[in-house]
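Order of the sequence lines fixes the chain letters, A, B, ..., with proteins taken first and strands second; residue numbering starts at 1 for each chain.
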2 protein chains.
Amino acid sequence: MSVTIKDVAKKAGVSPSTVSRVLSNHPRISAATSRKVREIMEELGYHPNMMAKSLVSKTTKSICVILPKPAEELFLNLFFMELIRGIVAQAARSGYDVLISSGASEAEEVEAVARLVNGRRVDGAVLLYSRKDDPVVEFLKERNFPFVLVGRSERHPDILSVDTDNVQAAYDAARHLISLGHERIGFVGGPPNMVVSIDRMHGYRKALEEAGLPLRSDWIVEGEFLQDSGYRAMSLLMNLPERPSGMLVVDDFVTFGVIRGLNELGYRIPQDLSIVSFNNLALAELSSPPISSVDIGSYHLGYTASQTLIRAVETAPEERMPVRHIIPHRLIVRESSLYAPLNKA
Amino acid sequence: MSVTIKDVAKKAGVSPSTVSRVLSNHPRISAATSRKVREIMEELGYHPNMMAKSLVSKTTKSICVILPKPAEELFLNLFFMELIRGIVAQAARSGYDVLISSGASEAEEVEAVARLVNGRRVDGAVLLYSRKDDPVVEFLKERNFPFVLVGRSERHPDILSVDTDNVQAAYDAARHLISLGHERIGFVGGPPNMVVSIDRMHGYRKALEEAGLPLRSDWIVEGEFLQDSGYRAMSLLMNLPERPSGMLVVDDFVTFGVIRGLNELGYRIPQDLSIVSFNNLALAELSSPPISSVDIGSYHLGYTASQTLIRAVETAPEERMPVRHIIPHRLIVRESSLYAPLNKA
DNA sequence: ACGGTTTGTGCAAACGTTTTAACAAACGGG
DNA sequence: CCCGTTTGTTAAAACGTTTGCACAAACCGT
């Protein structure tokens, strides 16, 4: 059917082993044979069969990225796409292919990963964000299969991971509002079982406590990484007798909901409410008004994750060291955040 | 190292062949042996090695999706993510894995595909959109490797493809503006070498000609699938002595640029300019004002592409028939399009 | 009771590589 | 000129499956 190493060997008058060695640049191959064999390979249009290769080398030169269960909802897409672009770009550069895996339910998710891992279809995995006790983390860790987590695991600190310092990011965002004179600052958070939500909440609290500002529980709303979440949060918040003058919102998509809600209620941004958001998706810049947002370098995050993973895959298991990479973030100030109005309280 | 079919066979006191047959539900295996073998598999934690399987079956149970060269630019992400979600979901359902491939340059792109195809790493490919004479299409077609194109190939109509009827979609969008009374309608298009741009342009022309409206070349701007493209288009258009009252814009992202441009110039939407856009990304709804946009069912597009491809992969080459699936679109009217102002010209 | 069919299982080859061990030839130093 | 290296090549086993062929046992109709 298709041309194999044997065909090449026969035509070149050498053994298959020799051809294989030519392919892998074995030092003890004479220049003459090498040239000859390469010529024949070209002529016959030979291409190595990866499956055969994998079988003997026990290595697939591919990694998988595992999307969290409801990829349809969380972080809505744009964010993941950036991340994946980074992963794919880096992997390609190291000669790795990238497989995408996701499941409809949490059970399916583990099952899908199990298929890939047990079937030795991939050499490593990139796990995108995780819940508090993520079953996929448990699964991979137990099998000690190489993987890197984009995000942070509360239960397992001794893990390869690439993350944003979300506590600091939220702290910085809050400081920004504080430095603009805001004293009544609220927070629209994400799902309370996701580590990223938890961390951002901490940063928010820390900044407010440190500045001696009131932490009012009715100004803190938890929700999803969905537009609607922001919309609903506004209905609640803006009907309170005492309203915040500034707001941290856990994600740009959610912020869109916030803005929509405010518009409907007749409030203006940033005059009535200053907003700082996270992730700095393309949306943030395109919004009207453009949203101040903490850029967490999604592409970079993905790129580093891929790099870290592949490095791990290629070192002997006993020499692998758990590393935690922190990708720097930076606040991009746009029009959604402005000085606090003078009349306090 | 890890448990193989032989280990299971030995422990169960049968031959490897028998175990293999149990695995594939061969009809001539006694219920007793089957039960026994399965028990042992469970006990030993056996999982088939996909590489070995692939080697003999010459089938990998995976497909790849090929992103167009500058995925960073074209259609900006959201659109592709939806498509990919559809592809992955359907593939998973059929037991296939999905590999993502993309290259930095056009050459790299072909090379990346060649690696996957020649290395027999995937059984088929989904190609996302294509340029007028796409080298990847040529490559795959020549090798007659199973693939489906999301989009349309001008040069090769006899190909598996899944597409929107973009001519009709643009026609519908234009008709919408016309029915609102607009008589001066412009068009912000995409790259002129992409089939999708070409088709939408045709639909636009067709509707205007049919209605006897003027087709003014200074109201037609070609560009990229980028926000900036829309922004620049506005600078040009709105400074003309005669301005359109309605506008078709090839993509929601581009529309964001249009809106930004208009805002800066002090024009209002839809009062000064009605806009209808394409793709109906999450952005369209979130924009202010919300954008009227033609929904082309990206997820559905991906889902169908995957399904079509896998069906093709699983039928004998001689029985494969070129099919062209058209996914229905529909115009979602929002606030960006309104009745034309009464004072004409 | 006998031949023919059906049912259940095993043997061994095949898939396309890599790699270890062995070996022949060429080389080089005394 | 002989012996120990170095250099270039090969034969064969291994990786973990599937599958065609062969074969024994059980079954069935006459």
Closest approach to the side chain of S20(B), judged atom by atom: which nucleotide of dG8(D), dT18(C), dT19(D) is it? dT19(D)
Got a salt bridge between E138(A) and K132(A), using NZ or NE/NH1/NH2 to carboxylate O under 4.0 Å? no
Please determine whether a side-chain nitrogen or oxygen atom of S57(B) lies at a distance below 4.0 Å from atom OP1 or OP2 of dT17(D). no
Could you check whether Y299(A) and Q90(A), counting side-chain N and O atoms only, form a donor-acceptor pair closer than 3.5 Å? no
Go through dG10(C), dT7(C), dA12(D) for me and flag the one nearest to the S17(A) side chain. dA12(D)
From the list dA11(D), dC21(D), dT17(D), which nucleotide is the closest neighbour of the side chain of R21(B)? dC21(D)
Looking at K58(B), I'd like to know whether one of its side-chain N or O atoms comes within less than 4.0 Å of OP1 or OP2 on dG16(C). yes
Per the side-chain hydrogen bond (donor to acceptor under 3.5 Å, both in side chains) rule, which among H156(A), R152(A), H325(A), R324(A) passes with S161(A)? R324(A)
Without decimals, in angstroms, what is the distance between M51(A) CE and dT18(D) C1'? 16 Å
Can you see if the side chain of S15(B) gets near the phosphate of dG10(C) - specifically, an N or O under 4.0 Å from OP1 or OP2? yes
Residue L55(A), side-chain heavy atoms: nucleotide from dG16(D), dG8(D), dG10(C) that is nearest: dG16(D)
Between atom CZ in R28(B) and atom P in dC23(D), what is the gap in whole Å? 15 Å
Validation row: S62(B), R121(A) side chains within 4.5 angstrom (heavy atoms): yes
Using only side-chain N and O atoms of T18(B), determine if any of them is under 4.0 Å from OP1 or OP2 of dG10(C). yes
K6(A) NZ - dT10(D) C1' separation (whole Å): 14 Å
For T33(A) and for L23(B), find the nucleotide of DNA chain D with the closest heavy atom, then tell me which residue's nucleotide is more 5'. T33(A)
Tell me which nucleotide among dT19(D), dG16(D), dG16(C) gets nearest to the side chain of N49(B). dG16(D)
Side chain of Y46(B), heavy atoms from C-beta onward: which of dT17(D), dG10(C), dT10(D) has the nearest atom to it? dT17(D)
Looking at T4(B), does any N or O in its side chain come under 4.0 Å of the phosphate oxygens OP1/OP2 on dC15(D)? no
May I ask you to say what H47(B) touches in the nucleic acid, namely base, sugar-phosphate or nothing, with a heavy-atom cut-off under 4.0 Å? sugar-phosphate
Using heavy atoms to find the nearest nucleotide of DNA chain C for R120(B) and V14(B) separately, return the residue whose nucleotide is more 5′. V14(B)
Any donor-acceptor pair under 3.5 Å linking the side-chain atoms of R320(A) with those of N144(A)? no
Distance in angstrom units between D7(A) CG and dG16(C) P, rounded: 9 Å
Nearest-0.5 Å distance that lies between atom NZ in K141(A) and atom CZ in R155(A): 10.0 Å
Nearest-Å distance for atom pair CG/P, residues N25(B) and dT19(D): 13 Å
Closer than 4.0 Å, any side-chain N/O of S30(B) to the OP1 or OP2 of dT9(C)? yes
Nucleotide nearest A52(A) when distance is taken to its side chain, options dT17(C), dG10(C), dG8(C): dT17(C)
